There are 2 protein chains.
Amino acid sequence: MATPTSKVSENGYVQPAVDVPALTRLLDGEHAAVRDKVRVALVEHAHLLEEAEELPREEFRDRVLETVVAMAGTGQTAYHFPKEYGGGGDFGATVAAFETTAFGDLSVLVKVGVQFGLFGGAVLNLGTKPHHDACLADIAAGRLLGCFAMTESGHGSNVQAIGTTATYDASTREFVIRTPDDASRKDYIGNAARHGRMAAVFAQLVVDGDEKGVHCLLVPIRDEAGQPMPGVRIGDCGHKMGLNGVDNGRLWFDDVRVPREALLNRFADVSEDGVYSSDIESPNRRFFTMLGTLVMGRVSVAGAGISASKVALAIATRYADRRRQFTADDDQPEQLLLDYGLHQRRLFPLLARTYALHFAQDGLRRHFDDVFSGRATSEQVRRDLESKAAGIKALGTWHATRTIQECREACGGAGYLSANRFAALKADTDVFTTFEGDNHVLLQLVAKGLLTDYSSEFGDMSQLDLVKFVAGMAVDQVVERTMAHRLIERLRDVLPGDDKWNQDSGLLDPAYHLDMLRFREEHMLAGAAKRLKRGIDSGMPAGEVFSRVQDHVIATANAHVERLVLESFIAVFATMPHGPNRVALGLLCDLFALTTIEADRGWFMEHNRLTTNRSKAISREINDLCRKLRPLAVDLVDAFGVPEELLRAEELLTWQ
Amino acid sequence: MATPTSKVSENGYVQPAVDVPALTRLLDGEHAAVRDKVRVALVEHAHLLEEAEELPREEFRDRVLETVVAMAGTGQTAYHFPKEYGGGGDFGATVAAFETTAFGDLSVLVKVGVQFGLFGGAVLNLGTKPHHDACLADIAAGRLLGCFAMTESGHGSNVQAIGTTATYDASTREFVIRTPDDASRKDYIGNAARHGRMAAVFAQLVVDGDEKGVHCLLVPIRDEAGQPMPGVRIGDCGHKMGLNGVDNGRLWFDDVRVPREALLNRFADVSEDGVYSSDIESPNRRFFTMLGTLVMGRVSVAGAGISASKVALAIATRYADRRRQFTADDDQPEQLLLDYGLHQRRLFPLLARTYALHFAQDGLRRHFDDVFSGRATSEQVRRDLESKAAGIKALGTWHATRTIQECREACGGAGYLSANRFAALKADTDVFTTFEGDNHVLLQLVAKGLLTDYSSEFGDMSQLDLVKFVAGMAVDQVVERTMAHRLIERLRDVLPGDDKWNQDSGLLDPAYHLDMLRFREEHMLAGAAKRLKRGIDSGMPAGEVFSRVQDHVIATANAHVERLVLESFIAVFATMPHGPNRVALGLLCDLFALTTIEADRGWFMEHNRLTTNRSKAISREINDLCRKLRPLAVDLVDAFGVPEELLRAEELLTWQ
């Protein structure tokens, strides 16, 4: 680790010497103690990373469970539970712990997420005191293992359409749970195939013949001996691409009876004699209120994706700083991989984006903590949180897939060996892009919030509702509504070709970067709204209109989230004290902004926001930034604070 | 499968009805019989796909070997061997068989490649009649299992720098093979960890104290009982991301003695009394002549990557044509995934590129067959082959990685289950991008050929040589030399903003597409040459110059290969008889061309070859092409002829 003084690199730049411990403290933030506690536990269980390859599946599943229970025993998996049930009453800490847990074996991570986040979260957020008293302490300790049985084979993203029913039988004061067909079997359910005793089952509630929409009930699925309860059929999803330490399974319910008290009744209840009641009148709103609890899963997975990217970058960057290949000049030794311009171009923009996403995730976690702690109560703040969580989850997990892939390739054949960590990292994280909400569907959700300014029920992911909403307005109204940042005036001021956008100076000006990303977002948003409106006005069916504009809608959401991410990075940078770490983060922030603009430079040119000369200048500037980052790169990945034992990759990291 | 008449799709287009069997015949081409023979064998061994997940590693390795030997027994793995040794004397057939084998378990594929292509190929191409007589029949039958021991831990892409030595001892008429350090151990060697008896070992030949460069020798590594031979140490690479049915290992040689006849002496020999002789004077040229035999591996892997893409697209497309999610309109059933514009945008450009690469691969295979059969003998044709193989291998394998990833995500959580084929497909193909030549290094090789017009030793992948070569010329000379298509005149005619490039008509004109890709290639090439030249002239060290221009150099190679691929597609299209299949391929060819231009539209705008309006028009046209392809999509993947049993994914493909 470098000492914090300046140093001159081989190619003559004066480089800031990164203060690695200080940068790690900045990244660890307010939950540094929680993160360190998790680091210690992960190092203790680091051998799991090897066992994952060698153990037969059932043994690996059991080893993962043991690890999860051991971690639960030291109180690091359920910070969000109230103190009286063994938690810490701290939602932010739970997410921070989860982010750090993602440095280790990811089956452990996902099992933690299923048990404490999803199952525990359902009881905590959808249940009431009797449920809490009955279950939470046992869940927190890992004594009562449970499932979150929402997804069905035929109803993945469209939860509102699930087929499982829970029919109230007033004569026995019980609910009868039924799986009507195979499309309605619960699928991919963690903890179901082997360990779960209980399931939080989402089902269409039927009371006195009336469908009341999706509700959640606690249903025992296995007895003390581990045998399925009467009427419960359990299947095993079998071998998966990764995460084979998690026992994903399928559940069918053949008229399984549970007492009336099984209903998690925070938002709605059924009286003994079968009268349904809820404080939330609109069934739609009720549904999305209950689903709002899913946000913790999304916030957590976003952070996990970013952490996995850090692990990959730490290995690939350090290897490239040691490994030589081909001679640069006759009298020279072979050249280090990291001195190749292309190698820098492959790794450093990913490094910059990882830092950017890290800071966006910090903001998201705090936002989440504000809402779930009850400090922030407004509807708008909650909606913002749901949108931001969906967006950062999508971008963070795609980033992980891309980064791990690039880092694996950058380590060549060695990267293909399981001993060097990428195999599990890649296979385990792959599902992140489609679980806890498919990324495309999540971005659609983000776009919908922008287009409707949250006037519609948030969280309804169907296009029908969106198209109808937009169709109901005049075009001007749509465009105005979409101008979240009220930039219309500014846009009018800035005509195509305006010098402001095209001057040669200021390529490294954060205000320029933000202007560019804001312009893109708002222009795309207005354009998508107009196209939707025009389509409906022309008499085209809603489905067809949406299908045609869908790629535009998704691009809009992406533009929105990238703008948010850049804002987060700039905000952190602005508060940093002068010194080498500020300089280093400034380089990363510039690199993130410019590579984001470069990646979409076709669009910016199409919309007269970039001259061809300036576009080329951006590409040159990016290469220049990469050269400046070259001598800092190892420090910048060291600062992530991934324990050495978890990187494995011993041969790569000690390469001579 | 559709009958070949027109049909009207739901959205009102009159669509050609694809004649699937005829299209399969076109794709199977001249080697249809070979391909069908392989299909039968793969279906017979289809249960291997499941066993891959369940069997312990050593058993899986043995099962893969059994399968390979069984396939060898029916003569489908060594068509390239001479008939007298059990082959067919047909290089093209071997590649066609390999391409088809890639529809099945890929450990079998790679084991076939190692045994018959690499090991067998070394004996065949580098050895002489005594070696052939002694080994080829046993190799062809799978009785003599062998390794291709070229790669060393510290010398992956830089084969010329390997450290293993073979020193001639005239007193005993033996070579002494030595591994001087761990960086020089042979690594990732297929067949080494468990099954191989013999290895074709690449080593620096030392004769009478003189280093003669890299040569290949046959070295027994295990005795009849399977124990390592004296002086041979064997390690196991252990668990890998994929291909765990292949026993990759490491080899160290501690002064292992082999007789003089062990040298594969087609291109160079050592006499009994220790006199070295070779018909090829230049050591460099000798090296690259020997390495030229690697081309078969690259041609084969390119085809395998394209085949793997076909498997992924077949599953994802057929699933998307059955699976519904979200309602498009109140009174409608849920909408099919494939009717969503974004889903089409995700899958169809990959489908179009798969077809394009398929036809490019057809041309490459024929080119390879011409050279290796001895029909084409000119140096230029051989150089062209090496360049084309490198380029299509790089683009084909990256395409596989990207396509399989997108298809997995398009199948959601179901795509993550091993039963649905993507897990193995993704893990097994991942190494394709870095083995048989790292893709970036291969593209560098392509670029070097273009920049030096093959004047330099082809195949030398070091940048030093390239930079020096370019530095030795005047800029004009460089630019002229790089104008492979002598388009300078045409370029001068076409000034920026010329209507020819920007007229609104002709977006679907193949001549326009080709002009665009040719312009890009030549402009990039000239630019790269100029930048290299300027860098050297300014006094910058060669390594630094190369590092700065490297991304430009790689982009040039990519542009070159994409142009070749488009030419192949257009050439096939041009020869097709009128009818629905021609119409369908026309749509795919247009889609491939326009998405290729769209992906680099920033560059085209920067270089005044695309107005902003035309750029937007291209994006609209692409969406339109996707809608036209929608009703044909299932037929177009069915035409790949992947046997149903190999797709697995039973639930996805029969989804109700």
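Here is how names work: the chains are called A, B, and so on, in the same order as the sequence lines, proteins then strands, and each is numbered from 1. The structure displayed is predicted, hence computed values, not measured ones.
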With A:Asp339 as partner, the option from A:Arg322, A:Arg630, A:Arg323, A:Arg627 fulfilling salt bridge (charged side-chain N to carboxylate O under 4.0 Å, His left out) is A:Arg630

Is it the side chain or the backbone of [X] that comes within 4.5 Å of chain B heavy atoms, both, or neither?
| X | value |
| --- | --- |
| A:Trp655 | side chain |
| A:Tyr416 | both |
| A:Asp551 | both |
| A:Thr151 | neither |
| A:Ala414 | both |
| A:Asp430 | both |
| A:His440 | side chain |
| A:Phe604 | neither |

Heavy-atom pair count under 4.5 Å with chain A, highest-scoring of [options]:
| options | value |
| --- | --- |
| B:Lys240, B:Glu606, B:Arg57 | B:Glu606 |
| B:Met241, B:Glu54, B:Glu334, B:Gln344 | B:Met241 |
| B:Glu409, B:Glu598, B:Arg345 | B:Glu409 |
| B:Val545, B:Val431, B:Thr612 | B:Val431 |
| B:His343, B:Met605, B:Arg324 | B:Met605 |
| B:Ala183, B:Gly154, B:Gly413 | B:Gly154 |

Hey, what do you get for CZ (A:Arg346) to CD (A:Glu406), rounding to the nearest 0.5 Å?
4.5 Å

Keeping [X] on the side-chain end and [Y] on the backbone end, is there a donor-acceptor pair under 3.5 Å?
| X | Y | result |
| --- | --- | --- |
| A:Asp187 | A:Ser153 | no |
| A:Thr429 | A:Leu425 | yes |
| A:Gln325 | B:His155 | no |

I'd like to verify something: which residue of [options] has the highest number of heavy-atom pairs under 4.5 Å with chain B?
| options | answer |
| --- | --- |
| A:Ser619, A:Gly242, A:Gly415, A:Gly412 | A:Gly242 |
| A:Val549, A:Thr401, A:Thr433, A:Val553 | A:Thr433 |
| A:Cys411, A:Gly156, A:Pro541 | A:Gly156 |

Side-chain contact test, heavy atoms from C-beta onward, threshold under 4.5 Å: evaluate it for [X] versus [Y] and give yes or no.
| X | Y | value |
| --- | --- | --- |
| A:Arg185 | A:Glu152 | no |
| A:Val159 | A:Met150 | yes |
| B:His552 | B:Arg531 | yes |
| A:His239 | B:Glu50 | no |
| A:Trp603 | A:His607 | yes |

With a 4.5 angstrom heavy-atom cut-off, is it the side chain or the backbone of B:Leu417 that approaches chain A, or both, or neither?
both

Residues, nucleotides or ligands: over 12 heavy atoms within 6.0 Å of A:Arg402 CZ
no

